Participant: 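Before anything else, here's the structure in question.
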Number of protein chains: 2
Amino acid sequence: MKRVNIKDIAKELGTSIATVSRALNGKEGVSDELRKKIFEKAKELGYIANGLARGMKTSKTFTVGVLISDIRNPYFSEVISSMERVLYAKNYNLMICNVGENPEREKKYINLLVSKNVDGIIAAPTGDEKNLPLYKKLVRHGIKVVLFDRIIGDLQTDSVIVDNEAATYEAVKYLNRFGHRRIGAIYGIEKSYTGSERLKGFFEAVKDFKMECKDEWVKGGEFNEEKSYKCALEILSQKYRPTAIIAMNNFTTLGVMRAVKELKINVPDELSVMGFDDAEWMKVCSPTVTTMVQPTDVIGMTAATLLLDAVEGELVRKPQKVVLKASLIKRNSVGFVEK
Amino acid sequence: MKRVNIKDIAKELGTSIATVSRALNGKEGVSDELRKKIFEKAKELGYIANGLARGMKTSKTFTVGVLISDIRNPYFSEVISSMERVLYAKNYNLMICNVGENPEREKKYINLLVSKNVDGIIAAPTGDEKNLPLYKKLVRHGIKVVLFDRIIGDLQTDSVIVDNEAATYEAVKYLNRFGHRRIGAIYGIEKSYTGSERLKGFFEAVKDFKMECKDEWVKGGEFNEEKSYKCALEILSQKYRPTAIIAMNNFTTLGVMRAVKELKINVPDELSVMGFDDAEWMKVCSPTVTTMVQPTDVIGMTAATLLLDAVEGELVRKPQKVVLKASLIKRNSVGFVEK
DNA sequence: AACTCTTTTCAAAACAATTCACATCCTTAT
DNA sequence: ATAAGGATGTGAATTGTTTTGAAAAGAGTT
């Protein structure tokens, strides 16, 4: 069945499409009486504006693309949920693009979003250098871009990140207070933005607090459970092992906890575990996990708000860089080191 | 900066836009030589087709709306991730719409999706009667609809669901094998499709296996952790209480586990817990949770495939109803009842 | 040279909205 | 009576693409 358009309304009312458009969009130049009639007729016919046609003319689509690595990661689903809340209020739709850590997908999705004339893109970029020009092109072409979680190169655009370096530094500092002198870590993707920053903070703290940290105690390579589990097994099977271990995202934390369980290591008596990110399971597993959490709702809200500002604001303003702090949630996986 | 369009390409090459369009879309009637030149020029100028204009003409947008209650629910994020995988392969985008259990949001989002001329909608409907006409209108207007997780009324459209009744029936049956004769339950939204089906299967099994089930042992009302936690506390604080309890989705399961932990009830020795849905935490908490899981990836894949079939298929076919089975994952929260 | 046939190309008409520049109407002032 | 001015309404252009019917060009046949 054909959709009703303003032409139909105009014809029914014996007026012109221009007038109908003006009336429906709340522009002046239409008498109150006629305007009312137009609204009534629109409702009666079940008129819904055609966003494509409107978008063509106004070059505004009320659509925002969101590039993330994996929607199944609670970190991302929480951030997105929070973005969705602010965008929904302004009648925007979100296009979710799972790019994994795959630059090819990132590229294809960006082009798809451009072809759909999205008003803006909120992205946690893979960080691959070869897609940097793509992002720059977006900015040049007037598609607003807000980066979150990770930033790349010298892209002149808004961004919302967490001070990852400080986060792991604080985590180590906290462990230090519990008397830990031997420390290990499970990291994620070394050369990713978050991965490297978190490692940096870790090593810095290790140095500052004069802890012992052997190469064999620091392993990783991927932000996933399986890899982290294996790395944790390796680290913890050593005869001489750390008294505390720090994981660098939610999946790695999960891997560590699984390894610990399998090796029947008592946490926190024999080993303290510091997690990263928060997840439901950390509240119910035994022991519950002490962890550095990122303020996912603030991240999402801020990113969405920045994008809306950029999209709806008339004037061009300087790129903003919002840096948020991670915070420590104290639960039961960290304890004093055994004498 | 202005986007390059086919007119620009045509002008540069001294040909007509019709020819450029034909060449780029792989239609015949363009000499190989000219076609090659057109492709080269398009690449050189960085041409990306304008989806709005294309959509106007072809009334195809390569966009699919997805209505769910909450992206933070791992059940939904897994299903969506799986949908995304199949839709991405065919160059479709997903518009995620978090509707909570709110019919108003559902209505607004559906209208938004219509205005954006999505090719189809995959929805887990709230089930509110007053939005049924909206869904019917979609179908009438040629927007393909695939329902999943829940179905509503007499809507003539494809659907993918799990046999929820059988799922809880099987769960109780399993508990019966462990000698449980007194059983309780934490349910979700009674009048929701999934909620009522699961309850139905539960009561049926309770009757069939001649179990004892007091009214005070069956509580619920919302599919969330807090409410379920409170209900579980109430049930388990009673002097005469069930030896097994069954939760009816992932959040309710989490609530039960928290209550159990707080009451220092030993699971499975003092109480067996049967969960529903799967989640990371169920694998790491103590004890790990035995649970009825829905095949999220199959659900997502099937729903997306059905939608693609409907959207891309020429001929109209009968609405399909795919019913999948939940399966039991045996872990450690269910044990033999104490003598 | 005139004709058919095939291949290649083009001009113009949609698609549904917005918007600019006019046109019309009515009132009021000169 | 005429002019001015404000309010209200209209026609037509515009947005970028696809698509259709027709035209042009080239090749082969008579």
Side-chain angles (χ1 to χ4, degrees), chain A residues 1-39 41-42 45-63 111-112 114-119 141-142, chain B residues 1-39 41-42 45-63 111-112 114-119 141-142:
Chain A
M1 233 195 310
K2 205 182 133 299
R3 274 241 315 263
V4 178
N5 57 29
I6 52 171
K7 211 161 152 187
D8 298 331
I9 299 177
K11 203 187 293 170
E12 287 258 326
L13 255 34
T15 178
S16 76
I17 55 170
T19 305
V20 175
S21 171
R22 298 259 272 334
L24 258 21
N25 289 307
K27 303 247 163 119
E28 54 185 14
V30 187
S31 62
D32 289 351
E33 192 195 6
L34 182 53
R35 186 187 300 270
K36 199 172 146 231
K37 269 202 276 185
I38 288 173
F39 266 96
K41 184 58 82 178
L45 299 179
Y47 169 77
I48 298 178
N50 185 325
L52 295 184
R54 175 176 286 169
M56 284 229 72
K57 194 65 186 126
T58 61
S59 55
K60 187 127 184 22
T61 52
F62 287 90
T63 306
N111 284 330
L112 231 41
V114 170
S115 83
K116 292 196 172 139
N117 296 55
V118 293
D119 296 329
H141 278 260
Chain B
M1 231 195 311
K2 207 184 132 298
R3 276 248 304 271
V4 177
N5 58 28
I6 51 172
K7 212 162 152 186
D8 297 329
I9 298 176
K11 202 188 294 170
E12 287 259 324
L13 255 34
T15 178
S16 77
I17 56 170
T19 306
V20 175
S21 170
R22 298 261 268 340
L24 258 22
N25 288 309
K27 302 249 164 119
E28 52 185 15
V30 186
S31 62
D32 288 350
E33 192 195 8
L34 182 54
R35 185 186 300 270
K36 197 169 147 234
K37 269 203 275 185
I38 289 173
F39 266 96
K41 184 58 82 177
L45 299 178
Y47 169 77
I48 298 178
N50 185 325
L52 295 183
R54 176 175 285 170
M56 284 229 71
K57 217 28 213 160
T58 61
S59 54
K60 188 128 182 22
T61 52
F62 287 89
T63 305
N111 283 331
L112 230 41
V114 170
S115 84
K116 292 197 172 140
N117 296 55
V118 293
D119 296 328
H141 278 260

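Proteins get letters first, then strands, A, B, ... in listed order; numbering begins at 1 in each. Quick caveat: nothing in here was measured; it's all calculated off a predicted structure.
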Participant: Starting at atom CZ of B:Arg35, determine the distance to atom P of C:dT9, rounded to an integer number of angstrom.
Facilitator: 10 Å
Participant: Any side-chain N or O of A:Asn25 below 4.0 angstrom from OP1/OP2 of C:dT18?
Facilitator: yes
Participant: Please check if the side chain of B:Arg22 supplies one atom and the backbone of B:Lys27 the other of a donor-acceptor pair under 3.5 Å.
Facilitator: no
Participant: Output yes when at least one side-chain N/O atom of B:Ser31 is less than 4.0 Å from OP1 or OP2 of C:dT9, else no.
Facilitator: yes
Participant: So if I take every side-chain heavy atom of A:Asn50 and compare against C:dT9, C:dA16, C:dA11, which nucleotide ends up nearest?
Facilitator: C:dA16
Participant: Report yes if a side-chain nitrogen or oxygen of B:Ser59 is closer than 4.0 Å to either non-bridging phosphate oxygen (OP1 or OP2) of C:dC15; otherwise report no.
Facilitator: no
Participant: Would you check if B:Asn50 and B:Asn5 make a side-chain contact, meaning some heavy-atom pair closer than 4.5 Å?
Facilitator: no
Participant: Among C:dC10, C:dT18, C:dT19, which nucleotide sits nearest the side chain of B:Thr15?
Facilitator: C:dC10
Participant: Counting only heavy atoms from other residues, nucleotides and ligands, does the tally under 6.0 Å from NZ of B:Lys60 exceed 12?
Facilitator: yes
Participant: Can you see if the side chain of A:Thr19 gets near the phosphate of D:dT10 - specifically, an N or O under 4.0 Å from OP1 or OP2?
Facilitator: yes
Participant: Which whole-number value in Å describes the distance from B:Phe62 CZ to D:dT17 P?
Facilitator: 15 Å
Participant: For B:Leu45 and D:dG16, what is the distance between atoms CG and C1' respectively, to the nearest whole Å?
Facilitator: 15 Å
Participant: What is the distance, to the nearest angstrom, from the CD1 atom on A:Ile9 to the P atom on D:dG9?
Facilitator: 15 Å
Participant: Is there a donor N/O on one and an acceptor N/O on the other, under 3.5 Å, for the side chain of A:Lys7 and the base of C:dA16?
Facilitator: no
Participant: Do A:Arg3 and B:Val114 have side chains that get closer than 4.5 Å, going by heavy atoms?
Facilitator: yes
Participant: Quick one: is B:Ser21 getting a side-chain N or O under 4.0 Å of the D:dT18 phosphate, OP1 or OP2?
Facilitator: yes
Participant: Just how far, in rounded Å, is C1' of D:dA7 from NZ of A:Lys27?
Facilitator: 18 Å
Participant: Would you mind classifying the nucleic acid contact of A:Leu34 as base, sugar-phosphate or nothing, using non-hydrogen atoms under 4.0 angstrom?
Facilitator: sugar-phosphate
Participant: Taking B:Thr58 for the side chain and B:Arg54 for the main chain, is one N or O donor matched with an acceptor at less than 3.5 Å?
Facilitator: yes
Participant: Figure out the NZ/P separation between A:Lys116 and D:dT17, and round it to whole Å.
Facilitator: 15 Å
Participant: Of the nucleotides C:dA11, C:dT18, D:dG11, which one has an atom closest to the side chain of B:Ala18?
Facilitator: C:dA11
Participant: To the nearest Å, give me how far apart CG (B:Leu13) and C1' (C:dT8) are.
Facilitator: 15 Å
Participant: Nearest to the side chain of B:Asn5, which nucleotide is it out of D:dG16, D:dA12, C:dA17?
Facilitator: D:dG16
Participant: Base, sugar-phosphate, or nothing: which does A:Arg3 touch, judged by heavy atoms less than 4.0 Å apart?
Facilitator: nothing
Participant: How do B:Met56 and B:Ile17 order along DNA chain C: which one's closest nucleotide is nearer the 5' end?
Facilitator: B:Ile17
Participant: Please confirm whether the backbone N or O of B:Asn117 pairs with a side-chain atom of B:Thr61, one donor and one acceptor, at under 3.5 Å?
Facilitator: yes
Participant: Is any side-chain nitrogen or oxygen of B:Lys57 closer than 4.0 Å to OP1 or OP2 of D:dG16?
Facilitator: no
Participant: What is the distance, to the nearest angstrom, from the CG atom on B:Asn117 to the C1' atom on D:dT17?
Facilitator: 15 Å
